[in-house]
Amino acid sequence: MASRTIQVEIKRQSTPDHSSVTEKFEVPYRPNMNITSLLGEIALNPTTVDGKATTPITYDSNCLEEICGSCAMLINGKARMACSALVDKLEQPIKLAPLSKFPVVRDLAVDRSVLFENLKKVKAWVPIDGTYDLGSGPRQFPQLQEELYPLSNCISCTICMEVCPQFNDATGFVGAATIAQVKLFNDNPTGRVLKEERLRALAGDGGIQECGYAQNCVAACPKQLPLTEAISDVGRDVVIQQVKDFFVR
Ligand code: SF4
Ligand code: FES
């Protein structure tokens, strides 16, 4: 009796400028495999189903526990983390492709630096740089800590951007993850010193008004961030800031 195997089809691209091809693989089955271990198995014997020798698949991965955010890809058409996608729960052939809204670097690895550029635009950090003693920070009440904690779980996977119909070249929309970080840092007692700058950064082109409230982001986020609430709260604050700015011109 033939031993059990897993059928996989992978969309591959050798360089950013090459067109893509699909390669098919048949991988020996082991219980409890995830997509990352499946790709590792292919790397041990990179041969397609019709016997052609090929190269190991390129993909990003690091923590293997849905924390680093690097392994996002399309798995059977759905944007997911490879390390938490279990082979036993997937329909076969398992179809793997790179995220579609980001430039392909090679195979399943994409360039997601746009998220980091967007986070820089909104100054998504607490400004405490300095070599001198800054003393203790303002008090943060446990209730506020609990409220903000879910927003700090963002792993920068960019899945919310991939699934958002408004995240495209035409709108330049910054996406839900960046807006959620604006709420996190604006509500932080130390971070709020940059609140006005962050809100102004979201008032222009590509800012919060580009959101069409499709709510795909909140449904797809692997860390269940309260993205729609964050967008709605930040949207209100952006409008208030615009009114204030109008009257002090
Ligand atoms: S908000 Fe969720 S989906 Fe978006 S980058 Fe953060 S963890 Fe990923
Ligand atoms: S490898 Fe880190 S999130 Fe998947």
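Quick caveat, the model's predicted, so the values are computed rather than measured. All ligand and atom numbering here is 1-based and tracks the order in the structure.
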Practice task
Please confirm if an N, O or S atom belonging to Cys71, backbone or side chain, lies less than 2.8 Å from atom 4 (Fe) of ligand 2.
Solution key: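 For Cys71, the answer is yes, given that an N, O or S atom comes within less than 2.8 Å of atom 4 (Fe) of ligand 2.
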
Exercise for the section: Please confirm if an N, O or S atom belonging to Cys83, backbone or side chain, lies less than 2.8 Å from atom 4 (Fe) of ligand 2. Expected result: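 Given the 2.8 Å cut-off, Cys83 counts as a ligand of atom 4 (Fe) of ligand 2.
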
Practice task
Show your reasoning for whether side chain to side chain donor-acceptor pair (under 3.5 Å) applies to Asn45 and Thr47.
Solution key: CA-CA 6 Å; Asn45 178 25; Thr47 307; 2.9 Å; yes

Is a side-chain donor-acceptor pair under 3.5 Å present for [Y] with [X]?
X	Y	answer
Thr48	Asp50	yes
Arg30	Ser37	no
Thr5	Glu26	yes

Practice task
Examine the proximity of ligand 2 to Ile155 and report which part, side chain or backbone, both or neither, has a heavy atom under 4.0 Å away.
Solution key: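 Within the 4.0 Å criterion, Ile155 makes no contact with ligand 2.
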
Exercise for the section: Consider only side-chain heavy atoms of I, L, V, M, F, W and Y, link residues closer than 4.5 Å, and tell whether Leu199 and Val122 are in one cluster. Expected result: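 In one cluster with Leu199: Val122, yes.
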
Rounded to the nearest 0.5 Å, how far apart are [atom1] of [X] and [atom2] of [Y]?
X	Y	atom1	atom2	value
Arg200	Gln241	CZ	CD	4.5 Å
Arg80	Leu96	CZ	CG	11.0 Å
Leu39	Glu41	CG	CD	10.5 Å

Handout entry: Test item, Gly69 contacting ligand 2 (heavy atom, 4.0 angstrom)
Key =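 It does; at least one heavy atom falls under 4.0 Å.
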
Practice task
Determine, stepwise, if the pair Glu23 / Lys52 fulfils salt bridge (Lys or Arg N to Asp or Glu O under 4.0 Å).
Solution key: CA-CA 10 Å; Glu23 285 188 342; Lys52 182 172 80 79; 3.4 Å; yes

Within ligand 2, which atoms have a heavy atom of [X] less than 4.0 Å away?
X	value
Leu64	1 (S), 2 (Fe)
Ile67	3 (S)
Met81	3 (S)
Glu66	3 (S)
Cys68	1 (S), 2 (Fe), 3 (S)
Cys63	1 (S), 2 (Fe), 3 (S)
Asn62	1 (S)

Return the residue, atom name and 0.1 Å-rounded distance of the protein heavy atom closest to [atom].
atom	answer
atom 8 (Fe) of ligand 1	Cys157 SG, 2.3 Å
atom 6 (Fe) of ligand 1	Cys154 SG, 2.4 Å
atom 7 (S) of ligand 1	Ile155 N, 3.4 Å
atom 3 (S) of ligand 1	Cys160 N, 3.3 Å

Practice task
Answer yes or no as to whether an N/O/S atom of Cys221 is found below 2.8 Å from atom 4 (Fe) of ligand 1.
Solution key: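 No N, O or S atom of Cys221 is closer than 2.8 Å to atom 4 (Fe) of ligand 1, so no.
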
Handout entry: Ile240 vs Val243 side-chain heavy atoms within contact, under 4.5 Å
Key =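 Heavy-atom side-chain distance check fails, nothing below 4.5 Å.
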
Problem - Note, Cys217 side chain near Cys164 side chain (heavy atom, < 4.5 Å) - result: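 No. Closest side-chain heavy atoms not under 4.5 Å.
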
Problem - Basic-acidic side-chain contact under 4.0 Å: Lys120, Glu117 - result: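 Salt bridge present between Lys120 and Glu117.
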
Exercise for the section: Run the numbers for me: atoms of ligand 1, each under 4.0 Å from some heavy atom of Pro222, listed by number. Expected result: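 Going through ligand 1 atom by atom, the ones under 4.0 Å from Pro222 are 3 (S).
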
Handout entry: Atom indices of ligand 1 within 4.0 angstrom of Thr158 heavy atoms, with elements
Key =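 Listed by number with element: 5 (S), 8 (Fe).
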
Practice task
Look at ligand 1 and say whether Ser156 reaches it with a heavy atom at a distance under 4.0 Å.
Solution key: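 The answer is yes, since Ser156 has a heavy atom less than 4.0 Å from ligand 1.
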
